Amino acid sequence: MTAPNSPTNDPDAMGQQPLEVLPGGHLRISDGDRELVTTVLTTAYAEGRITREEFDERSTAVLMAKTFNDLAPVTADLMPSAPVKEYSSPLPSPRPADVDALVVVDPSHQSPDTDNLFGLLGTARRSAPGWRMHRKTSVLVGLGDAIIDLTQGVMESPHVEIEVMIGLGDLKLIVPAGVQVIDRVTNILGDSKVMGTRPKPGEGPTITITGVVVLGDIKVMGPDHTSFAKTLRKAHRRAMRHH
């Protein structure tokens with residue numbers, strides 16, 4: 001039974017509107033789930049998106065939370081449900097949805113910031129045409145998933161790192177031809193697979209995936225994966241619906 005002062009029953013305390021009840025939201029959360037949400041709050045505070053007072057208030061709500069429905073309002077205004085337009089920039093020239101298209105690397109405008117994806121009780125995406133993959137990306141997933149589609153994106157550096165922390169969730173990374181994906185993930189009752197990639201011979205662009213996966217999965221699909229073309233078409237249709 002939810003506590004009377006839980007974030008679910010008092011959403012206005014954090015300046016949020018009541019949320020719909022989540023599927024499975026009645027389930028009890030673990031200390032690991034609280035740590036995931038606290039990491040989101042810490043990042044939001046460091047980036048200036050919430051004040052110290054809001055950080056303290058929401059951190060207290062995380063400690064009081066008993067179920068996933070209690071946790072959801074704490075970060076509801078911190079995680080966009082659609083791709084953020086600030087991550088989109090035009091490509092030098094249009095590139096068709098072609099499984100043989102090579103990766104685009106443009107180091108002329110590198111962002112010093114880490115690109116943060118939060119897939120907590122939902123889906124985080126980077127798939128808009130022309131979006132730019134920073135030199136470092138942080139992926140935080142809990143009871144959700146993250147989708148990174150580089151076939152329409154631009155690498156800002158020839159060597160990038162994706163650091164993951166995944167619990168009861170999934171990451172799907174779709175890469176074009178010419179990219180080598182290096183898997184250095186620690187799996188705890190989880191799994192990571194790199195399938196059908198087509199690296200450039202010699203010193204080509206690399207994506208190194210590090211971090212921890214607990215009861216989750218990472219799937220990397222390159223142009224030679226049997227379902228790559230089908231997945232690519234679906235991802236592009238989904239991206240167009242968001243624009």
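All values derive from a computational prediction rather than experimental measurement.
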| Candidate pair D183 and V220, rule side chain to side chain contact (heavy atoms under 4.5 Å, CB included), full reasoning | CA-CA 9 Å; D183 179 6; V220 180; over 6 Å; no
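- With hydrogens and angles disregarded, a donor-acceptor distance shorter than 3.5 Å links the side chain of T51 to the backbone of E54.
- Atom CG of D70 sits about 9.0 Å away from atom CZ of R28, to the nearest 0.5 Å.
- Judged by distance alone, with hydrogens and angles left aside, the side-chain atoms of R184 form no donor-acceptor pair with the main-chain N or O of T210 at under 3.5 Å.
- Closest non-hydrogen pair, P158 versus V105, comes out as N-CG1, 3.9 Å.
- Using a cut-off of 4.0 Å between Lys/Arg side-chain N and Asp/Glu carboxylate O, D113 and K136 are scored as not salt-bridged.
- Checked by atom type, the side-chain pair S108/D106 shows a donor-acceptor distance below 3.5 Å.
- In summary, D170 and K219 do not engage in a salt bridge, as defined by a charged side-chain N under 4.0 Å from a carboxylate O.
- The minimum heavy-atom distance between R58 and V74, with the atom names listed, is NH1-O, 2.9 Å.
- Between L63 atom CG and T38 atom OG1 the span is 6.5 Å, to the nearest 0.5 Å.
- Note that the CD1 atom of I207 and the OG1 atom of T137 stand 8.5 Å from one another [nearest 0.5 Å].
- Rounding to the nearest 0.5 Å places CD1 of I29 at 8.5 Å from CG of D31.
- No salt bridge links R135 with E156; every basic N to acidic carboxylate O contact stays at or beyond 4.0 Å.
- Judged by distance alone, with hydrogens and angles left aside, the side-chain atoms of D56 form no donor-acceptor pair with the main-chain N or O of E53 at under 3.5 Å.
- Side chain of R198 to backbone of Q180: no donor-acceptor contact under 3.5 angstrom is found.
- Between R125 and D145 there is no salt bridge, since none of the side-chain N atoms of the basic residue sits less than 4.0 Å from a carboxylate O of the acidic one.
- A side-chain N or O of S192 and one of N187 form a donor-acceptor pair less than 3.5 Å apart.
- Judged by distance alone, with hydrogens and angles left aside, the side-chain atoms of T197 form no donor-acceptor pair with the main-chain N or O of P199 at under 3.5 Å.
- Side-chain contact check for R132 versus S111: every heavy-atom pair is 4.5 Å or farther apart.
- The backbone N or O of L150 sits nowhere less than 3.5 Å from a side-chain atom of W131 that would complete a donor-acceptor pair.
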| query | So L173 and I209, side chain to side chain contact (heavy atoms under 4.5 Å, CB included) or not? Walk me through it. | reply | CA-CA 10 Å; L173 172 62; I209 308 177; 4.0 Å; yes
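- Within the 4.5 Å cutoff, no side-chain heavy atoms of L102 are placed close to those of V104.
- The shortest non-hydrogen separation linking G178 to P205 is O-CD, 3.2 Å.
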| task | Apply side chain to side chain contact (heavy atoms under 4.5 Å, CB included) to the pair V175 and V103, showing each step before the final yes or no. | result | CA-CA 8 Å; V175 298; V103 64; over 6 Å; no
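- Both L27 and L121 are part of a single hydrophobic cluster, where members link through side-chain heavy atoms under 4.5 Å apart.
- Residues L117 and A146 come closest through the heavy atom pair CD2-CB, 4.4 Å.
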| said: For V212 and I166: C-alpha separation, side-chain torsions, deciding distance, then whether side chain to side chain contact (heavy atoms under 4.5 Å, CB included) applies. | reply: CA-CA 6 Å; V212 179; I166 299 175; over 6 Å; no
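- Note: I162 CD1 to T114 OG1 = 12.0 Å, rounded to the nearest 0.5 Å.
- Of the candidates K200, E161, H159, T206 forms a side-chain hydrogen bond (donor to acceptor under 3.5 Å, both in side chains) with just one, namely H159.
- The shortest side-chain heavy-atom distance between V62 and L71 falls under the 4.5 Å cut-off.
- A continuous path of Ile, Leu, Val, Met, Phe, Trp and Tyr side chains, each step under 4.5 Å between heavy atoms, connects F68 with L215, placing both in one hydrophobic cluster.
- Contact of the V185 side chain with the I218 side chain is registered, since non-hydrogen atoms from C-beta on lie closer than 4.5 Å.
- Atom-to-atom distance recorded for K172:NZ and T123:OG1 is 10.5 Å, nearest 0.5 angstrom.
- Residues L140 and V164 form no side-chain contact, since every pair of their non-hydrogen atoms from C-beta on lies 4.5 Å or further apart.
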